[in-house]
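In what follows, chains carry the letters A, B, and so on, assigned in the order in which the sequence lines appear, proteins first and then strands, with residues in each chain numbered from 1. These values consider heavy atoms only, across backbone and side chains, with no hydrogens, waters or symmetry-generated copies.
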Amino acid sequence: MPNDDNSRDYRPTVFLPKTAFPMKAGLPQKEPGIQARWEEIGLYEKLREARAGREKFILHDGPPYANGDMHIGHALNHVLKDTVVRTQSLLGKDAPYVPGWDCHGLPIEWKIEELYRKKKKNKNDVPPKEFRAECRDYAQKWVDVQRDQLKRLGINGRWDKPYLTMRPEAEGAIVAELHKFAETGQLYRGAKPVMWSPVEETALADAEVEYADLTDSPQIDVAFEIVESPIEELVGAHAVIWTTTPWTIPVNQALAYGPDVEYSTFEIKTDEIDDKPHLEKWRGKLLFMADKLIPSFLLRIGCEYDNSSVKHYTVCGGDQLAGTIVRHPMHHLGGFYAKPRPMLAGDFVTTDSGTGIVHMSPDHGEDDFDLCKANGIDPVFAVMGDGRYRDDWLWLGADDKDADGKERRRSVINKPFNSPEGPICSDLREAGALLSASADYAHSYPHSWRSKAKVVYRCTPQWFIAIDERLEHIDGAPTLRARAMEEIEATRFIPEKGRNRLRSMVEGRPDWLISRQRAWGVPIALFVHRESGELLVDPEVNARIQAAITADTVDAWDKSRAAEFLGADRNPDDYEMVSDILDVWFDSGSTHAFVLETDEWPELQSPADLYLEGSDQHRGWFQSSLLESCGTRGRAPYKDVLTHGFTMDSKGMKMSKSLGNTVNPLKVMEQYGADIIRLWALSVDFTEDHRIGDEILKGVGDTYRKLRNTFRYLLGALDGFVGDLGDDAEIPELEVYILSELAELDRKLRQAVDDYDFNTYTRLLVDFCNEDLSAFFFDIRKDCLYCDDENDPKRRAYRTVLDILFHALIRYTAPVLVYTSEEVWRARYPEDNEQQGSVHLLEWPSIPQVGSDTARWTALRELRETVMEAIEPLRREKTIRSGLEADVIVPADKVPAGFTDADLAELFIAASVTRGQGDDVKVTRTSDHKCGRCWRLLPEVTADGDLCGRCAEVVTAYDAAEEAAA
RNA sequence: GGGCCGGUAGCUCAGUUGGUUAGAGCGCACCCCUGAUAAGGGUGAGGUCGCAAGUUCAAAUCUUGCUCGGCCCA
């Protein structure tokens, strides 16, 4: 009709997308409200109800340490866990998530002691019970803090009842696990050199030790006179040892040589000695050491760095030295020092440094201990827990005096004690045994990671779990190590390389040292018979202990209750109560027992389907859990093990506070929102080390906006959409194709979920939105959506497919953008009924199965790209402005079968498409005019601004409706 | 120092058993649209596949060495 009115504004007659869903997210402001609502409606519990009776999927949470704020590693780890749980739940499984915390242990204990020190209070003046109560409060405080932070991250779990290793039920159960080892003969008390911190007065786990580079360590060369040897010429010569720990000389018990090393005796030349008074003692004396190391030794004693300073004599191989005996430089003191020191063959002796002869003290080195033990030499326990020698030790080094002249002995690790002027060196010098002493050696040395103080190896009685004993109590199981190895083979590792890593660690590990001389932890609740030294193994006693601890926490393990535990038949005076506590790795290694198997969390079961932690846990939780479970149950506590790498800064460097390159997830949430962190975590290849930084987060933000706007478009385009097509309606081929693409996406996403491959998952999702929807489907159907009659079958079909897409995509997206997906869902379904209360209650969509000739469409899309490329030059030269102004001629043989010219014009968003000869696409400006409403250029439009046939009809109907309404 | 792992466009990632000119998305540049508008569309530029040798007709892919980074251990 109004062909004469080409100035009319047709905008009101166009059906534009309409939605209140904002383009700008404002996540930091919006997310907490969404979180609050989840809590209000009890989302986690609702989900449990909805999935009750379904196949279970158990992700068992590895307990983070309850100390300090959430950091980026926690954030990544928990996002991954949450995504696993959510995707499994989406698949319809019952996937409960019970988070947990590791609460015992040295770091918390240390914090409390630090507070004491500030208040000038001494830990030893505080009753242990009180001290533990403070540790408990401290741990609880951080559990609460981290819980809130993890909730804020959008982690869905049983926050009202997490598991804590310090819950009395857990403490009782951990003791019960320990008793299982005791009752099956896998536990023993041994003496072994362990890393020991004289400052904290405790043995340290490997993880509690850090290495620092020193440049001022002492190094001394000490001579041991050879008194017996199968090689006669050696008798009377002095074997030279080199050590960086002078304080171990008073505890020396043997020397070690390398069986494959070449040794020789030599004499320092007279003219060298003439101008070096400190060598006077060695005039005419024979020294003995590895031939190769003589030059570096000469340098240490001030001679030339070559062999011109010495006269060589006997040369022999280490393998000839068996039976050689030396005496201690302090042999004149008698007693311990008068005993002969044998020279023993040690494979560990190298010629990298030193003299090729190593002084052995079984108390203070692992190699030393093993070699001496093999030769019947026992440790002597001369160094006490505080690092001082025993008062009754025969040689303490000269008395150490304070400035006021008061005598006192200090810890053997203190610097003056080991210095060239210190008591040890002075006495050795006086005894004529010191060849060199300086304090300039550079090496890396272990320190306590808490106190930063030097640590030593020290032999102490410790409790161990035997790794290579037969497991009699488990059918068909060989040793614990062998069973663990078998279970590693039976486990699925993602990525696969994790298997290797765990395997090599279990393969090479020593017995499990489980004792700690501390206060904050689960006691090694055992009795040892005072006379026989035997471990009391009585299930009834053990049961009483377990019950008491479950009722009264670890405080129950108290001397005052010994009689109660031992029962009427035994005299408490006959038994020693072990006062050590358990390695915290035993606590966490037992979580499968007291979390998965207990009826406190009936929703859980064992073994878990998945353990998911950082790759550092190969040494830690993956291993401790495996050993604990294999030793007590004969099987691994998990079916799958997934490991992630570490988060580096934007340059791939490790984050550290001192470098100032840390990224705080709490700040990122404040600035960008939790959904952005989540999308980041799921966009990177988390199986390797990966990066985070401003540029990366900006990119994640772009990706986020693409997803958000896709949903915004869907919401707008689906405004007012209620039903779907009638039965007889024909779905256009484009829609069928998109549905088949959706089905393909669906298939790939399911695979990605099975593989825990979330990086692929999010990429597939984003690429689909970008390529298949935004740049293709939505763009092509823009005209249809805006301009076709509202009831036009094509438009209805389009919107029907949009609805299907919406329901599929919102479900795919829900595990990733947990907040935004909820916001989208609520924008479409604001009603608060059961089904629509939360997007997170929904299940994986079922995609209509349609038949589409995908290959044909792939060819079509390739042709489409060629057409776009061909149009571009005309746009460059401003012949045309958009593809709608282009008449396109495509090579006839390049057009896939079944498409009409009109189809092609629509799909290519061109004015017209016709077929021609040749290989090239030809483009010219159309001579048609532009419809005033739909802006298409069509032959039927006689003048710019007039309406095309379709639009004329729609406008007529629109006007009629308006009139009727008015 | 030892064991294990990794290094592909500015960013995040693909790259099958060695086989055409190494791909994608984003970002960037330029352009269009102004009826998804702090949105949407198009085109384009970007890579000595960490470096160096070697094997091969052919190497991002296999071997060795080096280098940078990471985890674990000492």
Side-chain angles (χ1 to χ4, degrees), chain A residues 9-19 21-24 195 206-207 209 211 350 352-353 366 443-446 495 497-498 500-505 508-509 614-620 623 643-654 679-680 682-685 687-706 708-717 759-760 762-771 774-776 778-780 782-783 785-787 865 867-873 875-878 880-885 909 933-935:
Chain A
D9 177 14
Y10 291 107
R11 201 172 193 277
T13 74
V14 175
F15 309 113
L16 297 176
K18 195 176 136 202
T19 178
F21 185 80
M23 194 156 4
K24 189 173 159 47
M195 286 287 201
D206 292 342
V209 171
Y211 287 76
T350 66
D352 295 339
S353 60
E366 275 187 288
H443 64 156
S444 96
Y445 191 87
K497 64 192 174 194
N500 242 332
R501 186 118 182 234
L502 189 55
R503 190 197 282 138
S504 67
M505 285 178 177
R509 67 157 301 144
S615 58
D616 56 335
Q617 297 303 327
H618 287 107
R619 165 102 2 215
Q623 196 186 165
T643 49
H644 59 254
F646 280 72
T647 304
M648 303 296 137
D649 75 359
S650 58
K651 296 189 184 82
M653 305 292 277
K654 179 194 181 106
L679 187 55
W680 162 78
L682 301 175
S683 301
V684 296
D685 180 1
T687 63
E688 299 288 346
D689 289 349
H690 47 266
R691 305 172 184 203
I692 193 168
D694 286 339
E695 189 185 7
I696 294 167
L697 285 171
K698 193 175 162 289
V700 172
D702 290 333
T703 304
Y704 171 83
R705 250 173 281 123
K706 185 68 199 190
R708 184 178 179 90
N709 278 316
T710 300
F711 282 113
R712 182 165 185 270
Y713 173 80
L714 286 169
L715 288 170
N759 169 310
T760 298
T762 53
R763 191 156 38 78
L764 286 168
L765 202 52
V766 171
D767 284 0
F768 183 76
C769 290
N770 271 316
E771 291 299 288
S774 196
F776 185 69
F778 294 170
D779 204 31
I780 290 165
K782 204 184 246 187
D783 174 73
L785 180 71
Y786 293 177
C787 299
E865 272 182 48
V867 169
M868 295 298 177
E869 280 168 39
I871 290 174
E872 192 62 18
R875 295 171 48 155
R876 291 265 153 198
E877 66 196 31
K878 311 283 183 195
I880 60 170
R881 299 226 293 267
S882 86
L884 279 172
E885 297 170 13
I909 318 182
R933 179 166 172 272
C934 70
W935 299 343

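Across the protein-nucleic acid pair, Asp685(A) atom CG and C11(B) atom P stand 16 Å apart, rounded to whole Å. When rounded to the nearest whole Å, the span between CE of Met505(A) and P of C4(B) equals 11 Å. Summarising the geometry, the separation between CG on Asp702(A) and C1' on C13(B) is reported as 16 Å, rounded to the nearest angstrom. Regarding Met195(A), its CE atom lies at a distance of 8 Å from the C1' atom of A74(B), rounded to whole Å. Atom NE2 of His690(A) and atom P of C11(B) are 16 Å apart (whole Å). Look at CG on Asp616(A): it is 14 Å from C1' on C5(B), rounded to the nearest Å. Summarising the geometry, the separation between CD on Glu366(A) and P on G2(B) is reported as 19 Å, rounded to the nearest angstrom. Put simply, CG on Leu884(A) is 13 Å from P on G42(B), counting in whole angstrom units.
Pairing of A58(B), defined by two Watson-Crick or G-U wobble distances under 3.5 Å, is not identified with any nucleotide. Nucleotide A39(B): unpaired (no Watson-Crick or G-U wobble partner with both distances less than 3.5 Å). Applying the Watson-Crick and G-U wobble criteria (two distances, each under 3.5 Å), G47(B) pairs with nothing in any strand. Judged by Watson-Crick or G-U wobble contacts below 3.5 Å, the nucleotide C26(B) has G10(B) as its partner. Base pairing analysis places G18(B) opposite nothing; no Watson-Crick or G-U wobble pair with both distances below 3.5 Å involves it.
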* Could you run down nucleotides 32-40 of chain B 5' to 3' and tag each one B, S or - for protein heavy-atom contact under 4.0 Å? -> SSSBBSSSS
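Heavy atoms of Gly652(A) sit under 4.0 angstrom from primed sugar atoms or phosphate atoms, though from no base atom. The residue Glu872(A) sits close to a base: some heavy atom pair falls under 4.0 Å.
Counting heavy atoms of neighbouring residues, nucleotides and ligands inside a 6.0 Å radius, atom CG of Asp9(A) exceeds 12 of them. Residue Arg509(A) places its CZ atom among more than 12 non-hydrogen atoms of other residues, nucleotides or ligands, all under 6.0 Å distant.
Taking for each of Arg876(A) and Ile696(A) the nucleotide of RNA chain B with the nearest heavy atom, the 5'-most of the two is the partner of Ile696(A). If you find the closest nucleotide of RNA chain B to Ser504(A) and to Arg501(A), the one lying nearer the 5' end belongs to Ser504(A).
Looking at Glu885(A) and Arg875(A), no side-chain N of the basic residue comes within less than 4.0 Å of a carboxylate O on the acidic one, giving no salt bridge.
Distance check on atom C1': G2(B) versus G46(B) gives 41 Å, rounded to whole Å. G25(B) and G19(B) are spaced 27 Å apart, taking the C1' atom of each and rounding to whole Å. Separating the C1' atom of C57(B) from that of G18(B) is a span of 12 Å, rounded to the nearest Å. On the C1' atoms, G50(B) is 11 Å away from G6(B), given to the nearest whole Å. Nucleotides U43(B) and C33(B) have their C1' atoms positioned 15 Å apart, rounded to a whole Å. Annotation: U16(B) and U61(B) have their C1' atoms spaced 11 Å apart (nearest Å). A22(B) and A14(B) have their C1' atoms separated by 11 Å, given to the nearest Å. Taking atom P on both U8(B) and C31(B), the two are 33 Å apart, rounded to the nearest angstrom.
Looking only at distances, a side-chain donor or acceptor of Trp680(A) sits under 3.5 Å from a matching main-chain atom of Arg691(A).
Counting only N and O atoms by type, the side chains of Arg712(A) and Asn709(A) include no donor and acceptor under 3.5 Å apart. Thr643(A) and Lys497(A) are not linked by any side-chain donor-acceptor pair at a separation below 3.5 angstrom, with hydrogens and angles left out of the test. Under 3.5 Å, the side chains of Arg763(A) and Ser683(A) contain no donor-acceptor pair of N or O atoms. With no hydrogens or angles considered, a side-chain donor-acceptor pair links Thr647(A) and His690(A) at under 3.5 Å.
Regarding the sugar-base torsion, G46(B) falls in the syn class, its angle being within 90° of 0.
Of the candidates C13(B), G69(B), G42(B), G69(B) carries the atom nearest the Met653(A) side chain, counting heavy atoms from C-beta on. Of the listed nucleotides (G42(B), C26(B), C72(B)), G42(B) has the atom at the smallest distance from the side chain of Met868(A).
Aromatic ring centres of Phe778(A) and Tyr713(A) lie closer together than 6.0 Å.
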